[in-house]
Amino acid sequence: MANVKMMLLCLSLVVLGALCLYLSMYTLIPFKEGPFVFKRRQENFLQLPDVDCGQNPPFLVLLVTSSQEQTVARTVIRNTWGQEKIVKGKRIKTLFLLGTTTSKATSKAVAHEGRQYRDIIQKDFLDVYFNLTLKTMMGIEWIHRFCPQAAFVMKTDSDMFINIYYLTELLLKKNRTTRFFTGFLKMHDYPIRMKQSKWFVSKYEYPWDRYPPFCSGTAYVFSGDVARQVYEVSETVPFLKLEDVFVGLCLAKLKIKPEELHSEQTFFPGGLSFSTCRFRKIVASHFVKPNDMLIYWHALESSLGEECPAV
Ligand SMILES: *[C@@H]1O[C@H](CO)[C@@H](O)[C@H](O)[C@H]1NC(C)=O
Ligand SMILES: *[C@@H]1O[C@H](CO)[C@@H](O)[C@H](O)[C@H]1NC(C)=O
């Protein structure tokens, strides 16, 4: 009787052990195979903008991320810094990056907006914050496939003020044509491990303690050739929902180092209070509401010929 009990105990221990081993292997496998490597999405574009880069290559393409509902922000951008313009003889073109929504009414409105302005790039992924990397990579894919002739590309957001005049001037002065990447440099950032943070990244998603050098996602600029290189290398880079860090990981693999555009600070991811003379010497400022965008832009445009006191 005791022997049978003993045998049953042994048997159950063996079964338990095997179960534990199986479970631990099962949870370990994803680490080995790396399921978080970025997968380029092969499906077609839902909307393509009306731009013929072969016929009429732009000097600078501004790719603006916005959500489905931000119609007002897009309208204001189209009427301010996003107007199609020639600056110092260089063509500037602004396009919007969009995903999809589950709301039928919003989808219809966005499709209509796209037909009206022909300035939307759209693919089939859910338009949420955590899909921002997909959105950015869609923009980079579009440049690579449809507009490799663009000399420069900026990726920015819909609550940014962009001084396209000063940006063009500085890019021409810098006179760099390849492997150039600039913006608000973040050379020594590290992952935020507090769950409450918007930028929380778990050790599973990103096991290392430091991020590679990258530029704040609020606004960064790169030479056109970087689009193809980032697109091609992206499939071998671990996926990260923070799009600016993800692009930084791609750049690290390509050995492209983000550089300053100018000796003075010109990118302001934390925002900057407005004065005409101050905004004439910046490239990008964050947290600008649609109504202020109109005011700042008109002040900037009407002051272009005037002098500002030297600082
Ligand atoms: C991102 O988009 C894909 C494709 O539409 C969707 O399956 C996924 O749930 C989205 N991600 C999040 C975090 O919602
Ligand atoms: C820009 O650089 C090229 C060489 O890379 C040089 O030939 C040209 O003169 C430079 N232009 C300016 C305006 O500095």
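All ligand and atom numbering here is 1-based and tracks the order in the structure.
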Qualifying residue, where the test is ring pair (Phe, Tyr, Trp, His ring centres under 6.0 Å) with Tyr211 and the options are Tyr190, Tyr206, Phe246: Tyr206
Counting only nitrogen or oxygen atoms and a 3.5 angstrom limit, does Leu126 reach ligand 1? yes
Should we count CD of Gln55 as having more than 12 external heavy atoms under 6.0 Å? no
Do any non-hydrogen protein atoms sit less than 4.0 Å from atom 11 (N) of ligand 2? yes
Heavy-atom proximity to atom 2 (O) of ligand 1 ranks first, among Asn131, Asp127, Asp124, for Asn131
Which heavy atom of the protein is the closest neighbour of atom 1 (C) of ligand 2, given with residue, atom name and distance? Asn175 ND2, 1.4 Å
Measure across Val61 and Cys147 and return the closest heavy-atom pair with its distance rounded to 0.1 Å. CG2-SG, 4.3 Å
So, does Thr218 use its side chain to make a donor-acceptor pair with the main chain of Pro269 at under 3.5 Å? no
My question is simple, although I want it checked carefully: is atom 14 (O) of ligand 2 less than 4.0 angstrom from any protein heavy atom? yes
Let me know which of Arg228, Lys135, Lys123 forms a salt bridge (Lys or Arg N to Asp or Glu O under 4.0 Å) with Glu141. Lys123
Determine whether the side chains of Gln68 and Thr106 contain a donor N or O and an acceptor N or O closer than 3.5 Å. no
Distance filter under 4.0 Å to Phe130 heavy atoms, resulting ligand 1 atoms: 13 (C)
Protein non-hydrogen atom found under 4.0 Å from atom 4 (C) of ligand 2: no
Proximal ligand 1 atoms for Val128, defined as those under 4.0 Å from one of its heavy atoms: 12 (C), 14 (O)
